[in-house]
Amino acid sequence: MADNEITDAPAPAAPVIADEIAAAVVEKFPTAIFNDSHGQPVLYVERSDWHAIAEFLRNEQRFTQCMDVTAVDHLVDETRLVIAGVTPERFEVVANFLSHPRNRRLRIIAQVPETDTEIASLTDLYPGTNFPERETFDLFGITFLSHPDLTRILLPDEWVGYPLRKDDAIARIPVTFKGDPGPQ
């Protein structure tokens, strides 16, 4: 075969997703990418699909609880796991979902760039995400759009910076957290 000939070789088949819930999400949201992490299904999703996927999990897949929302700063992470098809960004926002009726867990992860740290809030779907989203905002500077009260929850309102970002200065200043009665 000459170098300039084109072949009609079939495209490689997409990997089979063993988890039927993850497969249902990928079918509805084709940009989602499945990964198995120590036996737990993980979906890497587009930031623009974050809220819609959470709504699909709640309404169609009976995921009754969002256990946690947090972020990860990969600024200095030399051993970061890079999933094929996922364009890594500095931040990842992570949510863990639980379906009591199905006795199942599912994690979704969205890449959030350093230059645009906004993602949709899940508080309208899962009210229990109110405080985890506020904590993530307070410590990482991730803005949750449409959150009903996105204010600092741990640090004083006048605090400058986000202490869990890897480029924030190492603190040697005593901090009086909100509601702390002070020394006794």
Colleague: Tell me if the CG atom of N103 is crowded by more than 12 foreign heavy atoms within 6.0 Å.
Modeller: no
Colleague: So, are E114 and R165 salt-bridged, with charged N and O less than 4.0 Å apart?
Modeller: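 No.
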Colleague: Could you check T87, V45, V86 and say which one makes a side-chain contact (heavy atoms from CB on, under 4.5 Å) with Q111?
Modeller: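 Result: among T87, V45, V86, V86 is the only option passing the side-chain contact (heavy atoms from CB on, under 4.5 Å) with Q111.
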Colleague: Would you mind reporting whether V93 and I109 have side-chain heavy atoms less than 4.5 Å apart?
Modeller: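 No - every pair of side-chain heavy atoms lies 4.5 Å or more apart.
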Colleague: Between D124 and H51, is any pair of side-chain heavy atoms under 4.5 Å apart?
Modeller: yes
Colleague: Taking the side chain as everything from C-beta on, heavy atoms only, tell me whether L122 gets closer than 4.5 Å to W50.
Modeller: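 Yes; the side chains approach each other to less than 4.5 Å.
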Colleague: First locate atom CZ of R58, then atom CG of L125, and finally report the distance between them rounded to the nearest 0.5 Å.
Modeller: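 The distance works out to 4.5 Å.
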Colleague: Going by atom types alone, do E133 and S121 pair a side-chain donor with an acceptor below 3.5 Å?
Modeller: yes
Colleague: Does R105, at its CZ atom, have more than 12 non-hydrogen atoms belonging to other residues, nucleotides or ligands within less than 6.0 Å?
Modeller: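 Counting other residues, nucleotides and ligands, CZ of R105 stays at 12 neighbours or fewer.
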Colleague: Does the side chain of Y162 come within less than 4.5 Å of L139's, by heavy atoms?
Modeller: no
Colleague: Are the charged groups of D116 and R47 less than 4.0 angstrom apart, N to O?
Modeller: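 Salt bridge between D116 and R47, a charged N being under 4.0 Å from a carboxylate O: yes.
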Colleague: Is there a donor-acceptor pair under 3.5 Å between the side chain of H147 and the backbone N or O of N130?
Modeller: yes
Colleague: Show me, pair by pair, the donor-acceptor contacts under 3.5 angstrom made by side chains of residues 59-69, not counting sequence neighbours?
Modeller:
unit_1	atom_1	unit_2	atom_2	d
Q61	OE1	R102	NH1	2.7
Q65	OE1	H100	NE2	3.0

Colleague: Any salt bridge between D138 and R152, counting N to O under 4.0 Å?
Modeller: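 Result for this pair is yes, salt bridge flagged.
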Colleague: Going by heavy atoms in the side chains, are D73 and F140 under 4.5 Å from each other?
Modeller: yes
Colleague: Side-chain donor-acceptor contacts of residues 22-44 below 3.5 Å, not counting sequence neighbours, with atom names and distances?
Modeller:
unit_1	atom_1	unit_2	atom_2	d
T31	OG1	D49	OD2	3.3
D36	OD1	G39	N	3.0
Q40	OE1	R107	NH2	2.7

Colleague: Search all heavy atoms of S146 against all heavy atoms of T123 and return the closest pair with its distance.
Modeller: O-OG1, 4.3 Å
